[in-house]
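Accompanying notes for the structure given below.
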There are 2 protein chains.
Amino acid sequence: MVTIYDIAKRANVSHMTVSRVLNSPHLVSEKTREKILKTAKEMGYKPNLIARSMRTKKTNYIGLILPDIINPFFPEIVRGASDSASKLGYNIILVNTDNDYAKEQASLEMLFNRGVDGVIHCGIAGGKKDKAFIEEINENKLPCILIDRYIPDLDTPYVISNNFELAYEATEYLIKLGHKNIGVISSPLKIKIHKDRLMGYKQALEDNNLVFDESLVVEGEENIESGAELAKQLLADPKKKISAIFTMCDFLAFGVYKYCKANKIPIPDGLSIISIDDIYASSLLEPPLTTMAQKKYEMGFNAAKILIDAINNKKMPQKKMILKAKLVKRESCKKID
Amino acid sequence: MVTIYDIAKRANVSHMTVSRVLNSPHLVSEKTREKILKTAKEMGYKPNLIARSMRTKKTNYIGLILPDIINPFFPEIVRGASDSASKLGYNIILVNTDNDYAKEQASLEMLFNRGVDGVIHCGIAGGKKDKAFIEEINENKLPCILIDRYIPDLDTPYVISNNFELAYEATEYLIKLGHKNIGVISSPLKIKIHKDRLMGYKQALEDNNLVFDESLVVEGEENIESGAELAKQLLADPKKKISAIFTMCDFLAFGVYKYCKANKIPIPDGLSIISIDDIYASSLLEPPLTTMAQKKYEMGFNAAKILIDAINNKKMPQKKMILKAKLVKRESCKKID
DNA sequence: GTGAAAGCGCTAACAT
DNA sequence: ATGTTAGCGCTTTCAC
């Protein structure tokens, strides 16, 4: 392995001059600078980033903690964060936690020991332990930013969607199509952003002179089975006269599709569906799903950017960013009389 | 930050004894070992992995190079590799290259400089530059393993599917259903595994006394648009009497679905479709897609395992592993007379 | 079973 | 504009 000492020897300078050429070239005369650059190239020099980290106490690594990269919601976020980071000279260490607190703990410890410069936490579980987790990060003075969700009591910075407004827009879209009895299949309401969405739904009803009916709202886990089960629950009672369903994530909508197919309810003729997320599969469904597309790539991109800016200014990140979701009109919603 | 010197001082031993407790505890007497462990815990000691790497020339990092994590084929591979790695005390540095050679080069250089212990390369582009790329890795004596594809002339180890056999099985499945004129929408044939698959298709025809008709094979890029376009090409000529299509990846199958829907060709009544991959969306299509499921998670898992085994034995990886794809029968294929 | 010395490759701080 | 010295936190080597 070629070191700066090897280059220094060959170029008849001190190793410090070589180091300067690599880090602050303006401090070195053009002549020696070029000689050193040439020698370095000839010798196939590669800077040892580990040695550099050891001195500077900076690794240019960002830890990215998420539940499971296989969940189609996350790859775009990861790509966004990765692109943003590499543009700024950072790299991503990815860890999957399956929302398991023990795994989160272990990952965090690993990231500490590896000396990451900051952490992005994507999709915190929403339980009591989150707070302890974030507090532990803060105690260790590790810059941290959240994606997709936030913790109300703490002022950890975040990048999320405009949850209240996007739910308002989705609901209003259905109302404008003539729907009056709109069922909601909600993601867990212990998580703040889901509460925010429900508030948006309520507000849209109110602003359009429709009364909120609690019995039209059901809540479950964010998976297909839960969606199908809750659709059944909601549609079982014909007195509810539900003509449209608003699901809080695309997985839940997939479940509604499944239930409708099994029970010969045509979409959108028998039931309109609008959702939130816009993951890859949603446009491939039959009919293609109308959904509020979250800007997943941008979430990742901006989170990494905000975090790295903070790192470079040697302070904790402050900024909270809210990205506007976009209504993607496909074919799962229909005008009724 | 607490160092082994701090612990040594407090416990009245030398820093070396502390180091031994952490690395080869059996060399230290039980009494001192326990005292040191206790002190370390009290002081909140965390080993500095950077300093350790600096001395040992080992980072316990694996570079994972792939085209784009957003492509639904990759997340499972990444998860598999990540699980396998973390089980063995390694972590993954993920880089996206978009099949762009310049980006691959830059990533590789970064990984070198970061001192990764090995590299997993997932989905090499299949061009001439691959060879140069792999040779550069070899020159630098960096252990390397390929996933999903391989380079015929080089004996770099790999983990891939049984491409010949899986294509044989897919084709035979259609033949058994009564199909005699089976169109093929192929992925780029400059890539060896796709050639292998075509050979499997041919062999299945031959073994079932059907003649191979070159005009039934068309080739394109692995995306939906290409699939739709090639379906059009294949189905335009009624004289071909195509009753079934075998696509080499699920994206291509999605394109065929798109074309069929636009042209009112019912699946599977008007056309049977079988594919390869089994990405997440495939089960959600209407009708659900019958496809040869590649063991993506296992590919990643085993690749990381083989690589790390080799790293620990201080040699280059040797093993080539072939995983059996599994026929997932859904509803896109139909028996005909 | 334990300790002392050296050094991994680099940069910060100070000197010239 | 360039050089000297020291040291980041750890492990390797050798000595006792």
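By convention in this document, chain letters (A, B, ...) are assigned in the order of the sequence lines, proteins followed by strands, and residues within each chain are numbered from 1. Predicted model, so just to flag it, every value in this text is computed and none were measured.
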Side chains of residues 65-77 of chain A: which donor-acceptor partners sit under 3.5 Å, not counting sequence neighbours?
residue	atom	partner	partner atom	Å
A:Asp68	OD1	A:Ile70	N	3.0
A:Asp68	OD1	B:Arg79	NH1	2.9
A:Asn71	OD1	A:Phe73	N	2.9

Nucleotide N/O of nucleotides 14-16 of chain D paired with protein N/O under 3.5 Å:
none

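Listed by chain and number, the residues in a side chain to side chain contact (heavy atoms under 4.5 Å, CB included) with B:Lys57 are A:Asn48 (sequence neighbours excluded). With sequence neighbours left out, A:Tyr90 forms a ring pair (Phe, Tyr, Trp, His ring centres under 6.0 Å) with no residue at all. Residues satisfying the ring pair (Phe, Tyr, Trp, His ring centres under 6.0 Å) test with B:Tyr5, not counting sequence neighbours, are B:His15. For the side chain to side chain contact (heavy atoms under 4.5 Å, CB included) test, residues two or more places apart in sequence or in another chain that qualify with A:Asp309 are A:Lys305. B:Tyr150 meets the ring pair (Phe, Tyr, Trp, His ring centres under 6.0 Å) test with B:Tyr158; sequence neighbours excluded. In this structure A:Arg55 satisfies the salt bridge (Lys or Arg N to Asp or Glu O under 4.0 Å) test with no other residue, sequence neighbours excluded. For B:Tyr61, the ring pair (Phe, Tyr, Trp, His ring centres under 6.0 Å) partners are A:Tyr61, not counting sequence neighbours.
Within the structure, every side-chain polar atom (N or O) of B:Lys31 is placed at least 4.0 Å from both OP1 and OP2 of C:dG1. Of the side-chain N and O atoms in B:Ser19, one or more sit less than 4.0 angstrom from OP1 or OP2 of D:dT11. Contact annotation: A:Thr17 side-chain N/O to D:dT2 OP1/OP2 distance is not under 4.0 Å. One finds a side-chain N or O of A:Ser14 lying less than 4.0 angstrom from the OP1 or OP2 phosphate oxygen of D:dG3. Residue A:Thr32 has a polar side-chain atom (N or O) positioned under 4.0 Å from OP1 or OP2 of D:dT2. Contact annotation: B:Thr3 side-chain N/O to D:dC8 OP1/OP2 distance is not under 4.0 Å. When the side-chain nitrogen and oxygen atoms of B:Thr56 are compared with OP1 and OP2 of C:dC8, none of them lie within a distance under 4.0 Å.
Here the nucleotide nearest the side chain of A:Met16, chosen from C:dT2, D:dT11, D:dT5, is D:dT5.
Heavy-atom distances under 4.0 Å link DNA chain D to A:Met54, A:Arg55 of residues 38-55 of chain A, given in residue order. A heavy atom lying under 4.0 Å from DNA chain D marks the following residues of residues 21-30 of chain A, by number: A:Leu27, A:Val28, A:Ser29.
With salt bridges taken as basic N to acidic carboxylate O contacts below 4.0 Å, none links B:Glu104 and B:Lys129. The pair A:Lys38-A:Glu34 does not meet the salt-bridge criterion, since no charged nitrogen lies less than 4.0 angstrom from a carboxylate oxygen.
Between the P atom of C:dC8 and the CG atom of A:Asp6 lies a distance of 10 Å, rounded to the nearest Å. Summarising the geometry, the separation between CD1 on B:Ile4 and C1' on C:dG3 is reported as 12 Å, rounded to the nearest angstrom.
Pairing each heavy atom of A:Asp130 with each of A:Ala125, the nearest pair is OD1-N, 3.6 Å.
Remark: the A:His15 side chain and the C:dT11 base include a donor-acceptor N/O pair separated by less than 3.5 Å. Between the side chain of B:Tyr5 and the base of D:dC8 there is no donor-acceptor pair of N/O atoms closer than 3.5 Å.
Rounded to 10 degrees, the angle separating the terminal axes of the helix from C:dG1-D:dC16 to C:dT16-D:dA1 is 30°, with each axis obtained from five end pairs.
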